[in-house]
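Values in this document were obtained by computation on a predicted structure and should not be read as measured data. The figures here come from the full heavy-atom set of this structure, side chains too, leaving out hydrogens, waters and symmetry mates.
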Amino acid sequence: MKRRDIQPIYAETYQRRKRTRRVVLGIFLLVVIFLVSFLFLKWHENEQLKKYPIRGVAIDQSNGYIDFESLKSQGINFVYLKATQGAAYTDDSFDSNFQRSQGSQLPIGVYHYFSFTSSPASQFNNFVRQVKYNTGSLPICIQVQYYGTFDANSIHWQNARKSLSHLSRLLKNYYKRPVVICASHEVIKNLKLKATSKTQFWVTDGKLGKPNADATFIQENAKTGFKLDRQLVFLPMSVFNGNRGQWHRYVD
């Protein structure tokens with residue numbers, strides 16, 4: 001009968017502890033690598049953000065009470081307020097937000113959430129009823145993005161382009177100011193839009209530091225935290241695609 005090789009108990013314990021130390025060391029190294037990578041990415045983002053000194057946020061009723069003076073003190077240079085959506089929806093906080101924003105002396109704009117199913121005329125009428133002439137000093141924004149069951153394959157892009165162009169034309173003629181289209185590169189491409197002095201772009205998926213020649217605004221982060229009235233409020237933050245001198249000429 002072949003004799004079995006029996007290891008002493010202390011040898012088994014040593015091997016088990018050795019394996020445990022290797023596992024713990026491996027986990028520790030992974031955590032270190034993750035933290036270093038995260039800190040590097042944050043540093044890189046901050047370095048890119050420094051190239052865009054003019055920053056702004058978009059606000060709707062879901063954000064609750066907003067202290068505009070506090071936003072200004074935290075480096076925000078402009079604010080867009082949601083006014084309407086489609087042919088019937090209005091933002092409940094628009095009137096109060098607009099009135100309180102005036103004391104901050106921040107450049108203010110208003111935006112409409114575009115509907116793929118409502119007519120341009122009905123959307124225009126909804127906007128005018130809600131906003132009247134409380135449009136602030138910035139171009140009127142039309143936000144175009146997928147919602148519900150709509151995606152790149154379900155939208156009739158030719159009809160959407162005609163509808164958006166019609167709505168833009170109505171707003172430009174009525175308010176005598178440019179319109180800025182807030183959308184992703186994909187949506188802008190599918191709508192076959194071209195940037196002009198009267199039709200500007202607010203790109204929602206642009207990369208800071210990358211070429212965005214056609215973009216007037218670039219969304220930087222969908223959830224940027226601001227300390228407002230002792231509460232942390234998350235707002236989508238965007239930047240103006242230019243320096244301070246260009247911004248002053250833009251708002252003038």
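Atom OG1 of Thr84 and atom CG of Asp91 lie 9.0 Å apart (nearest 0.5 Å). The CD atom of Gln61 sits 4.0 Å away from the CG atom of Asp92 when rounded to the nearest 0.5 Å. The distance from the NE2 atom of His248 to the CD1 atom of Ile54 is 6.0 Å, given to the nearest 0.5 Å. Atom NZ of Lys51 and atom CG of Leu208 lie 9.0 Å apart (nearest 0.5 Å). To the nearest 0.5 Å, atoms CD (Gln85) and CG (Asn126) are separated by 9.5 Å. Rounding to the nearest 0.5 Å gives a distance of 12.5 Å between CD of Gln158 and OG of Ser163.
Taking the six-membered ring for Trp and thresholds of 30 and 60 degrees, Trp157 and Tyr146 have ring planes more than 60 degrees apart, a perpendicular arrangement. Phe240 and Tyr250 have tilted rings, their planes meeting at an angle from 30° to 60° on a 0 to 90° scale.
Taking each heavy atom of Asp67 and Leu228 in turn, the nearest pair found is O-CD2, 4.1 Å. When all heavy atoms are compared, the tightest approach of Val239 to Glu220 is CG1-CB, 4.3 Å. When all heavy atoms are compared, the tightest approach of Trp247 to Asn77 is CZ2-O, 4.1 Å. Of all heavy-atom pairs between Leu167 and Phe114, the closest is CD2-CD1, 3.9 Å. The two residues Val131 and Ala83 have their closest heavy-atom pair at CG2-CB, 3.4 Å. Across all their heavy atoms, Cys141 and Tyr80 have their closest contact at CB-CE2, 3.6 Å.
Using a 3.5 Å distance cut-off with no hydrogens or angles, the side chains of Lys198 and Ser168 do not pair a donor with an acceptor. Side chains of Ser73 and Glu69: no donor on one and acceptor on the other come within 3.5 Å. Using modelled atom types and a 3.5 Å distance limit, the side chains of Asn125 and Ser122 yield no donor-acceptor pair.
Using modelled atom types, no side-chain atom of Gln219 and backbone atom of Pro236 make a donor-acceptor pair closer than 3.5 Å. Ser165 places no side-chain N or O within 3.5 Å of a backbone atom of Lys162 that could act as its donor or acceptor partner. Side-chain atoms of Tyr147 come within 3.5 Å of backbone N or O of Phe116 as a donor-acceptor pair. No donor-acceptor pair closer than 3.5 Å links the side chain of Gln105 to the backbone N or O of Gln102. With Lys192 contributing its side chain and Lys189 its backbone, the two residues share no donor-acceptor pair below 3.5 Å.
Qualifying ring-ring contact (aromatic ring centres under 6.0 Å, His included) partners for Tyr111, counting only residues two or more places apart in sequence or in other chains: none. Partners of Tyr175 according to the ring-ring contact (aromatic ring centres under 6.0 Å, His included) rule, which considers only residues two or more places apart in sequence or in another chain, are Phe127, Tyr133.
Side-chain contact check for Met237 versus Phe226: some heavy-atom pair is nearer than 4.5 Å. Between Gln99 and Asn134 there is a side-chain heavy-atom pair separated by less than 4.5 Å. Side-chain contact between Gln145 and Val187 is absent, with no heavy atoms from C-beta onward closer than 4.5 Å. Within the 4.5 Å cutoff, no side-chain heavy atoms of Leu235 are placed close to those of Thr224. Here the side chains of Leu164 and Leu193 are in contact, with some heavy-atom distance below 4.5 Å. Using a 4.5 Å heavy-atom cutoff, the side chains of Phe68 and Ile76 are not in contact. Within the 4.5 Å cutoff, the side chain of Thr135 has heavy atoms near those of the Arg177 side chain. Side-chain atoms of Thr204 and Cys182, non-hydrogen and from C-beta on, do get closer than 4.5 Å to each other.
Within the structure, the side-chain hydrogen bond (donor to acceptor under 3.5 Å, both in side chains) test picks out the following pairs touching residues 231-245 (sequence neighbours left out): Trp202-Ser238.
Both Val179 and Ile108 belong to a single network of hydrophobic side chains, linked directly or stepwise wherever heavy atoms of I, L, V, M, F, W or Y lie under 4.5 Å apart. A continuous path of ILVMFWY side-chain contacts below 4.5 Å connects Leu81 to Val128, so both sit in one hydrophobic cluster. Hydrophobic clustering keeps Val233 apart from Tyr65 (ILVMFWY residues linked when any side-chain heavy atoms are closer than 4.5 Å, directly or through intermediates). Put simply, Val180 and Val110 are part of two different groups of oily side chains (I, L, V, M, F, W, Y) that touch within less than 4.5 Å, one to the next. The hydrophobic cluster containing Ile188 also contains Val144, counting ILVMFWY residues as joined when their side-chain heavy atoms lie under 4.5 angstrom apart, directly or transitively.
For Tyr89 and Tyr113, the distance between ring centers is not under 6.0 angstrom.
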Report the C-alpha distance between Val57 and Ile66 in whole Å, list the side-chain angles of each, state the deciding distance to 0.1 Å, and finish with yes or no for side chain to side chain contact (heavy atoms under 4.5 Å, CB included). CA-CA 11 Å; Val57 293; Ile66 298 296; over 6 Å; no

Side chain to side chain contact (heavy atoms under 4.5 Å, CB included) between Ile181 and Ile142, intermediate numbers included: CA-CA 5 Å; Ile181 306 299; Ile142 304 175; 4.1 Å; yes

Ile59 vs Leu71, test: side chain to side chain contact (heavy atoms under 4.5 Å, CB included). Steps then yes/no. CA-CA 11 Å; Ile59 294 171; Leu71 278 178; 4.1 Å; yes

